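Numbers for residues simply follow the sequence, beginning at 1. Since the model is a prediction, treat every value here as computed from it, not as a measurement.
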Amino acid sequence: MKWNDIRIGTIGGTLCSIWVSFSFGDVLQTVLMAALGTVVSYATSRILRKISNRK
């Protein structure tokens, strides 16, 4: 067995074990939370910019 074969097998096994641990619900929840965080961050920066321009 060559050294590259061992590396490929190890990487393949690691990726397969990681892939199985993800569920569609978890990925969807992460995407939705990231989108919500982006919207809140944008809105907060716009509100703070308007407040600072008034002074």
Side-chain angles (χ1 to χ4, degrees):
M1 207 175 211
K2 294 182 181 178
W3 187 246
N4 286 337
D5 293 340
I6 294 172
R7 282 188 199 169
I8 291 171
T10 303
I11 291 171
T14 302
L15 291 176
C16 285
S17 66
I18 291 172
W19 181 261
V20 172
S21 67
F22 287 122
S23 70
F24 180 72
D26 290 340
V27 173
L28 183 62
Q29 180 181 2
T30 302
V31 169
L32 290 176
M33 294 302 286
L36 178 64
T38 302
V39 169
V40 169
S41 176
Y42 179 76
T44 302
S45 67
R46 297 293 288 185
I47 290 169
L48 290 174
R49 185 177 297 161
K50 283 186 178 185
I51 290 172
S52 68
N53 285 341
R54 288 183 186 172
K55 293 181 178 183

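- Under a hydrophobic clustering in which Ile, Leu, Val, Met, Phe, Trp and Tyr are joined whenever their side-chain heavy atoms come within less than 4.5 Å, directly or via other members, F24 and L32 fall into the same cluster.
- The side chain to side chain donor-acceptor pair (under 3.5 Å) contacts involving residues 32-45 comprise nothing, where partners must be two or more places apart or lie in separate chains.
- Pairs passing the side chain to side chain donor-acceptor pair (under 3.5 Å) check and including a residue from residues 24-35, sequence neighbours excluded, read S23-D26.
- Other cluster members for L15: I11, joined by side-chain heavy-atom distances under 4.5 Å among Ile, Leu, Val, Met, Phe, Trp and Tyr.
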